[in-house]
Structure formats: C-alpha cells, structure tokens
Asker: 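If you scroll down you'll find the structure; I have some questions about it.
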Amino acid sequence: MTARTIQAIVGVIFIVSHFAVLILVAAFYILRGFTFEEMTTTISIIAPVFAGYTLIIVRAIMAERRDGDKGPKVKERFLFTFLSLFVPVVFVLVLVAIILLRAYNVGISSFEQFKTMLAIVEGVFAVYLGPIVQALFSAGKQANEPSTPATSERTA
Amino acid sequence: VRGLLLIVLTLAASVWAGAAHAAGDISRIPRIGFGTVTRVADGGLCGHVADAMVAREKIKIGEADASDAILIVRPLKLALFPKRISSVGDLFKRLSSEAPPCTGDSPSTGPPAAALVYEKKPDGSVLRVLKYVLQGCADLASGLFCGGLIQAPGYLNVEFTHGSIRSGLEELKRGFGFSPQSYKRPVLSLEQERIFEQDPDSPALPRDLSVQYTFAVEPRQEEPWAFILNRLPYVEDAERAPERVAAVDAARIFAEDEKINRLPRSPLVNGAIHIPDAQERSLTFLKEWFAKRGGLLTVLKRDDNRLLVRVDHLRGEVIRQEKFWEYLNVNLILIMDQNQTKLYLMEDGYYAAGIGARVPPDASFASMEHDYYSNLAQYTEALATEIEQNLKGQP
C-alpha cells in the first residue's frame, strides 16, 4: 500500500467517524440512551479529541489539493501500514463500544465511570494516534515550511 | 433606534428583577395544607405574612363556619394557645384582647408576633398544627423576608405536649419507626434528673419543663414530616433542627447544608378518609397499580402508621414525555384521628437513561427533583387521589 492510499484511508476513517460518533451519541439521546446533560457532556469530551486529529488531516488535504498524485508511488512497509490502519480503527471501535455499553447499561454503573473510561481511552490512544497522524499528514507541511530561526542557528 | 431598544431592554430587565425580588422569601414558614382557612391577622407585617402564606398555597379565605382551619398571624401570648382548644368560639375569645403593633423584632414590651394554624376537628375542638414565631421576619421594600439559623438537613426537633413524652415517644416508634437521636432540656437538679430518667412525665418535674427530642428523617423530607407530626395531638411542636455551630471547616458544612436546603422538598399530598384496615388495602392497591405498569414493589419499612415501599422497573411512568428508567420511594402514612383516617403520601423519584431491557444500576439514577419536580408532584397528587378513591370505593 502506498503512502497516498494509507493517507486517504486514515483521513476518511477519522473524518467519517468524527461525525458518525457524534451522530451516534445524538441518536442515543433521542432513543433515551442518554439524558440531555449526558449527551452534551459526552459530545464535549469526544469532539475536541477528534477535532485535533481531523484539523491536521483537513489542513493537509487543503494544502495538497492542487498537487494531485505527483509523488513517487513507493510502497510503505507492512508494519507502518498495519499500525496506521489498525490503531485508528481500534480507537473508533473502542469509543463506539463504550458509548454502546453506556447507552445499554452494560458494565458501566454510572456516568462518572463512563467519563473516566472515555478520558483513559483518549489518553492511551493519543500516544499512538499523534505520531501516526503527524507522519501521514504533516510531512508535506514540514517540507514546505521555511525553517525556524532556532533551527537555522543550530544548523549554522 | 438602538438606543431606544437598549433603554426598553434595560427597563424590562429591571422590572423583571424587581418583580422576582419583590416576591420575597417565606420558605422558612411551614405550609398550611388546607383548602380554605379563616384569616385572622392585623395589618402591617402580620397582614403581609398572612397574605403571603395564603397566596403561596392558593388557599381560599372563608368564614369560620365554612373553613377547614383558622390562620392567626398577630402578636400573641403563646401560653394562651395550647395544642388543643375546646371550640372555635373559645379560640376567638382568646384573641379578643387588643393586640400590640405587629413587628418582626422582639418587642421590648408585649408578646412577639407569631403565625398559628388551628385545624377544626369533627368533635368541634380545634388542634394547633402550625406555630411559627415571626422573629427574623422583615417587611423590606424588596419584599417580605423571613430569615433565621441555618437548618440541619435530615433532622427534626420534636416537643411533646405536657404529660405525653413517654407515650409520644412510644407512638412515634410504633407508628413511624422513629427513635430519638438525642434530647435537649434545661439543667435539672440531681434529684430531678433521677426522676426525669425514670418518668419524664412525672408531676414532680417543673410544669414548664421543655424537652426537645431530635429525630433523623430523610433529607428533603423534613418539612413534610414536620407537617405530619404537627397534626398529632401529642406533639406540641415539630420543626426543623438548626445546625450546630462548627468552628472548624464551618463554611464547608454550611455550604453543603444550604445546597441540600435549597433543593425542593419531597412532594406531600394529604387527604382524609374513613376506612378500617386502610394500610393493608393501600398496599394491595399499590402492588396492583404498579404491577400493571411493569413495576416491582418492595416493602422497605412497615410500622403501624407508615409504609415505605420502593418501586423499581418503571419506565416513563412519572416523566411521561421521556422514556427514562425510573424508581420511586413511596412513603404512605395513614393516621386514625377521630373516626377519620388521614392519608399522607410522600414520594421521592429517580430517573436514569438507558436503551434495552437492562435496568441501570442505582448509581446511574438522578433525583427527579432537579429537573422534573412538577412531574413528580403531579404524579404524587394523582396517586394519592387513586389510593383515596380506591379505599372509598371498597366495601
């Protein structure tokens, strides 16, 4: 799989799941799986985390909109491909699973527990997702950006 | 145009704020709980307090013959107004003397102003069911305000009528499962203390000996319980207990107290019916009523006069517009009084979200009194009516 393909898949996963998870929470609110306060609190916890990743992705897509497929079509190593696809998918699945468990009252005894679980999952996955999103979507940006004065001094 | 709009908005905001403020605060004065009362009040502060008490509960004012109770708000010699008075005429005779001006401050001469409510009983006598001294009340430009000490959530002070301490304590234990936590009384001599321990109603003790027993009740149920206990002939006065002053971390304790005190009180509905074996019949009715709605009823506490049940597995029963899981703690109190059974119903409701058939754990439930108080109050009213109708309709 080439870097472009991985980029496209991960970008789609993040952007689609960003909205899908929010819609899922809103749908559960309508079905009375959440109270209004629980729904708003859940959205306020989940939305910023996704927004952090999707912002980088959207910026990269916008920056590269005229570039087309100009880059060399080099196949990425299997481990990189696996990590880049596996971690975002598991992250989204775990988030959805926690939301489902809470809405159906399985295994989570209070909303406080639910919030704690969300925070832990987001913290744990941030360790992996940060570098992955950075590697896939910031490479072009770094190359285009002029070097900072501090870097220049060090280079000199 | 913008300037004009700003002025109009400012005026509207100030009128709204003024109206909200002018409504005043008489939340410390207990509720009356009757549909029609005869109002006996002087002008000034007493008149305003009487009007506010009547307006708060939307009570009708009627003549002495047509009303359920007599509301008196004026400076009074409280010793002249015992728990029970033989007739309405006798009560009015005691009021006939000229009353001094009504103020909220302690007057240097003359008696303090107080609010009393006497319930008319079937035998013609009247029973005092409310006594509130208006000390701490003020008629401010912004509205009527009654202040006082911070009240301790979950505690009631009860004083029994003269000669009824022992029997009163037994009645409260047998009827409601209440045992005193502590008591407060003036210092006695060693001999008197010995007598008091043996018999608190002994004639050898001073006649004016005042003993206040403190009972624990559920927080937010203090006012409803005071309302019920004050209607018992052997209870001289039941009122919320003031918080003891705590020097260490007092702010934290008082802040927590005030948080609980500001919560709405458990809704209470009362009625009078005449039916023997009312508690057993009510329990059967409640079981059937909730079984039809998928509820699971568990009896938590049962005393002679009180039935405390918990109803689980309810869905959208109280909060009809939502389909939340709900559970209810229902306190049904039935008191026989002069060939009538007085019915009091207190309900605490809790709700939780959840899809599917799995009932959420207790930790997920939140009290309905924050967001759905009117639903709970309406449901309590409707259920009390159903119980009453059911009991009346049975042979």
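Worth knowing before you read on, the calculation uses all heavy atoms, side chains too, and leaves out hydrogens, waters and symmetry mates. A quick note: this is a predicted structure, and the numbers were derived from the prediction, not measured. Numbered from 1 within each chain, the chains take letters A, B, ... in sequence-line order.
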Asker: Tell me whether A:N105 contacts the main-chain N or O of B:A353 through its side chain, where contact means a donor paired with an acceptor under 3.5 Å.
Answerer: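 Yes; judged by distance alone, with no hydrogens or angles, the pair exists.
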Asker: If you take all heavy atoms of A:F34 and B:F324, which pair is closest and at what distance?
Answerer: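 For A:F34 and B:F324, the tightest heavy-atom pair comes out as O-CE2, 4.3 Å.
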Asker: Check the pair A:F36 / B:D371 against side chain to side chain contact (heavy atoms under 4.5 Å, CB included), numbers first and verdict last.
Answerer: CA-CA 11 Å; A:F36 182 76; B:D371 298 321; over 6 Å; no
Asker: Count the heavy atoms of every other residue, nucleotide or ligand shown that sit under 6.0 Å from OH of A:Y128, and state whether that count exceeds 12.
Answerer: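 Not buried by this count: 12 neighbours or fewer within 6.0 Å.
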Asker: OH of B:Y155: more than 12 outside heavy atoms within 6.0 angstrom?
Answerer: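 Not buried by this count: 12 neighbours or fewer within 6.0 Å.
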Asker: Quick one: what part of B:F365 sits under 4.5 Å from any heavy atom of chain A, side chain, backbone, both or neither?
Answerer: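 The answer is neither part of B:F365.
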Asker: Can you tell me if A:S110 uses its side chain to pair, donor with acceptor, with the backbone of B:S364 under 3.5 Å?
Answerer: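 Looks like no, no N/O pair under 3.5 Å.
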Asker: Considering non-hydrogen atoms only, spot the tightest contact between B:K323 and A:R32 and give its length.
Answerer: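 Heavy atoms only, the tightest pair is N-CG, 3.8 Å.
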Asker: Identify which part of A:E38 has an atom lying under 4.5 Å from any heavy atom of chain B, answering side chain, backbone, both or neither.
Answerer: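 Just the side chain, heavy atoms under 4.5 Å.
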Asker: A quick test of your reading: do over 12 heavy atoms of other residues, nucleotides or ligands sit less than 6.0 Å from NZ of A:K115?
Answerer: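 Atom NZ in A:K115 is crowded, with more than 12 foreign heavy atoms closer than 6.0 Å.
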Asker: Could you tell me which portion of A:Y104 (side chain, backbone, both or neither) has an atom closer than 4.5 angstrom to a non-hydrogen atom of chain B?
Answerer: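 Answer is both: backbone and side chain atoms of A:Y104 are under 4.5 Å from chain B.
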Asker: Taking atom CD of A:E76 as the centre, does the number of heavy atoms from other residues, nucleotides or ligands within less than 6.0 Å exceed 12?
Answerer: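 Enclosed.
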